[in-house]
K.L.:
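Dumping the structure here so I can ask a few things about it.
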Amino acid sequence: MFEDYEHFKIGEIEAYNIPTPGHTPACLSYVIADAVFVGDTLFMPDYGSARCDFPKGSAAELYDSVQKLYTLPDDMRMFLCHDYKPEGRDEYICQTDIKTQKQSNIHLNRQVSKDSFIKMRQERDATLAMPKLILPSIQINMNGGNFPEPEANGIRYLKIPFNYF
């Protein structure tokens, strides 16, 4: 576990983390050499940003987190956790850069105010279906990444509410 903004090395490569909550309260980005790995904080500029309706998610915090990322050098490469490839784009992409995000991100470019982002994100998130793996994920995330304790038979279970399906 790292402290916020803690510097460390991967071999001889300098690295540090930047707390980027919003999607979830535990989100971190990692600056490693000339690249930043942002997880689910941002997506490709033509897709926008992560949803903020997960437990303890916050559109206000996500906006502030992205502003921290936008202080990094414009030419810093940015690697994304995954790409949803919107209609009209033929291929999946996992890399962009800070300058492109600041100029072109459809949710969080330089012209977007915090209030307008929060409003957009809350309205959009209200229309999204629950992700298929959210219930088992939450059980592990809420427990700090640890699996549930084994039951009497020695097996660990992730439990899904009966009325989910």
Side-chain angles (χ1 to χ4, degrees), residues 1-86 89-114 117-118 121 125 128 131-150 156-158:
M1 301 291 286
F2 292 112
E3 297 294 324
D4 291 353
Y5 300 100
E6 184 174 339
H7 287 251
F8 56 96
K9 284 189 167 195
I10 302 170
E12 294 300 315
I13 301 171
E14 296 288 332
Y16 65 95
N17 75 69
I18 300 172
T20 49
H23 176 56
T24 72
C27 290
L28 284 175
S29 294
Y30 292 93
V31 175
I32 302 173
D34 66 341
V36 61
F37 297 80
V38 298
D40 283 340
T41 302
L42 285 171
F43 299 125
M44 288 303 295
D46 59 356
Y47 200 82
S49 62
R51 63 193 294 171
C52 299
D53 59 336
F54 291 165
K56 298 186 181 180
S58 166
E61 284 187 338
L62 183 62
Y63 184 92
D64 293 342
S65 293
V66 170
Q67 300 315 304
K68 287 189 267 183
L69 294 172
Y70 284 178
T71 67
L72 296 169
D74 279 351
D75 63 347
M76 181 167 279
R77 297 176 301 145
M78 179 183 287
F79 290 90
L80 313 168
C81 186
H82 48 89
D83 182 21
Y84 288 106
K85 192 177 81 166
R89 183 158 35 94
D90 294 330
E91 58 188 38
Y92 289 102
I93 305 171
C94 66
Q95 180 183 340
T96 182
D97 59 61
I98 297 292
K99 181 179 181 180
T100 303
Q101 288 284 3
K102 288 194 291 192
Q103 291 176 343
S104 306
N105 187 290
I106 63 170
H107 295 166
L108 283 157
N109 60 61
R110 288 182 180 159
Q111 285 69 50
V112 176
S113 71
K114 186 173 186 175
F117 175 74
I118 292 168
R121 192 73 264 170
D125 290 352
L128 300 175
K132 290 179 180 154
L133 295 177
I134 192 68
L135 295 174
S137 297
I138 287 174
Q139 292 174 61
I140 294 171
N141 290 347
M142 298 292 282
N143 198 22
N146 296 308
F147 292 118
E149 291 298 316
R156 299 171 191 264
Y157 293 93
L158 296 175

K.L.:
Describe, in one word, how the ring planes of Phe8 and Phe2 are oriented to each other, choosing from parallel (under 30°), tilted (30 to 60°) and perpendicular (over 60°).
P.N.:
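Phe8 and Phe2: parallel rings.
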K.L.:
Let me confirm one number: the CG-NZ distance from Asp97 to Lys102, rounded to the nearest 0.5 Å.
P.N.:
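With rounding to 0.5 Å, CG (Asp97) is 9.5 Å from NZ (Lys102).
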K.L.:
Hey, what do you get for CD (Gln103) to CG (Asp74), rounding to the nearest 0.5 Å?
P.N.:
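Answer for the CD-CG pair, Gln103 versus Asp74, is 7.5 Å.
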K.L.:
Would you mind reporting whether Met44 and Pro86 have side-chain heavy atoms less than 4.5 Å apart?
P.N.:
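Result no, sub-4.5 Å side-chain heavy-atom pair not found.
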K.L.:
When you measure from the side chain of Tyr70 to the backbone of Leu108, do you find a donor-acceptor pair of N or O atoms at a distance under 3.5 Å?
P.N.:
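Yes; judged by distance alone, with no hydrogens or angles, the pair exists.
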K.L.:
Give, for atom CZ of Phe43 and atom CD1 of Ile106, the distance between the pair rounded to the nearest 0.5 Å.
P.N.:
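So the CZ of Phe43 and the CD1 of Ile106 are separated by 11.0 Å.
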K.L.:
Checking Glu12 now: which residues fulfil salt bridge (charged side-chain N to carboxylate O under 4.0 Å, His left out) with it, not counting sequence neighbours?
P.N.:
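Glu12 satisfies salt bridge (charged side-chain N to carboxylate O under 4.0 Å, His left out) with Lys9 only.
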K.L.:
Tyr63 side chain to Ser113 main-chain N or O, any donor-acceptor pair under 3.5 Å?
P.N.:
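Answer holds: no.
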K.L.:
Arg89: which residues meet the salt bridge (charged side-chain N to carboxylate O under 4.0 Å, His left out) condition with it, sequence neighbours left out?
P.N.:
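Testing Arg89 for salt bridge (charged side-chain N to carboxylate O under 4.0 Å, His left out), a comparison that skips the adjacent residues, returns Asp46, Asp83.
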K.L.:
Parallel, tilted or perpendicular, judged at 30° and 60°: which one describes the rings of Phe79 and Phe37?
P.N.:
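Parallel.
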K.L.:
Please walk me through it: do Ser29 and Thr20 pass side chain to side chain donor-acceptor pair (under 3.5 Å)?
P.N.:
CA-CA 6 Å; Ser29 294; Thr20 49; 3.1 Å; yes
K.L.:
Taking all atoms of both residues into account, what is the closest heavy-atom pair of Ala15 and Ile32, and its distance?
P.N.:
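Answer, listing the atom of Ala15 first, then Ile32: CB-CG1, 3.9 Å.
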K.L.:
Find the distance between CZ (Arg110) and NZ (Lys99) and round it off to the nearest 0.5 Å.
P.N.:
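Atom-to-atom, Arg110:CZ and Lys99:NZ are 8.0 Å apart.
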K.L.:
Between atom CD of Gln101 and atom CG of Asn109, what is the distance when rounded to the nearest 0.5 Å?
P.N.:
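Answer for the CD-CG pair, Gln101 versus Asn109, is 10.0 Å.
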K.L.:
Taking the side chain as every heavy atom from C-beta outward, state whether Leu158 and Pro148 have any atom pair closer than 4.5 Å.
P.N.:
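The answer is yes, as the side chains (C-beta and beyond) meet within the 4.5 Å cut-off.
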K.L.:
Looking only at non-hydrogen atoms, find the nearest pair between Pro19 and Lys68 and report the distance.
P.N.:
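So the two residues come closest at O-NZ, 2.6 Å.
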K.L.:
Mark yes when over 12 heavy atoms from residues, nucleotides or ligands other than Glu3 sit less than 6.0 Å from its CD; otherwise mark no.
P.N.:
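Not more than 12 within 6.0 Å, no.
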K.L.:
Side-chain atoms of residues 21-28: list all donor-acceptor pairs with protein atoms under 3.5 Å, sequence neighbours left out, distances to 0.1 Å.
P.N.:
unit_1	atom_1	unit_2	atom_2	d
His23	ND1	Arg51	O	2.8
His23	NE2	Asp40	OD2	3.4
Thr24	OG1	Ala26	N	3.4

K.L.:
Treating Asp125 as the side-chain partner and Cys52 as the backbone partner, does any N or O pair qualify as donor plus acceptor under 3.5 Å?
P.N.:
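Indeed, once roles are kept as given, a pair shorter than 3.5 Å links the two residues.
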K.L.:
Roughly how far, to the nearest 0.5 Å, is the CG atom of Asp90 from the NZ atom of Lys85?
P.N.:
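Rounded to the nearest 0.5 Å, the NZ-CG separation comes to 7.0 Å.
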K.L.:
Applying the side-chain contact (heavy atoms from CB on, under 4.5 Å) test to Val38, which of Val31, Leu80, Val66 qualifies?
P.N.:
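Among the candidates, only Leu80 passes.
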K.L.:
For Tyr5, does its backbone N or O pair with a side-chain atom of Asn17 as donor and acceptor, under 3.5 Å?
P.N.:
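At least one qualifying donor-acceptor pair exists.
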K.L.:
Show your reasoning for whether side chain to side chain contact (heavy atoms under 4.5 Å, CB included) applies to Leu72 and Ile18.
P.N.:
CA-CA 11 Å; Leu72 296 169; Ile18 300 172; 4.2 Å; yes
K.L.:
Hey, do the aromatic rings of Tyr47 and His107 have their centres closer than 6.0 Å?
P.N.:
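No, too far apart.
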K.L.:
Val112 vs Asn105, test: side chain to side chain contact (heavy atoms under 4.5 Å, CB included). Steps then yes/no.
P.N.:
CA-CA 10 Å; Val112 176; Asn105 187 290; over 6 Å; no
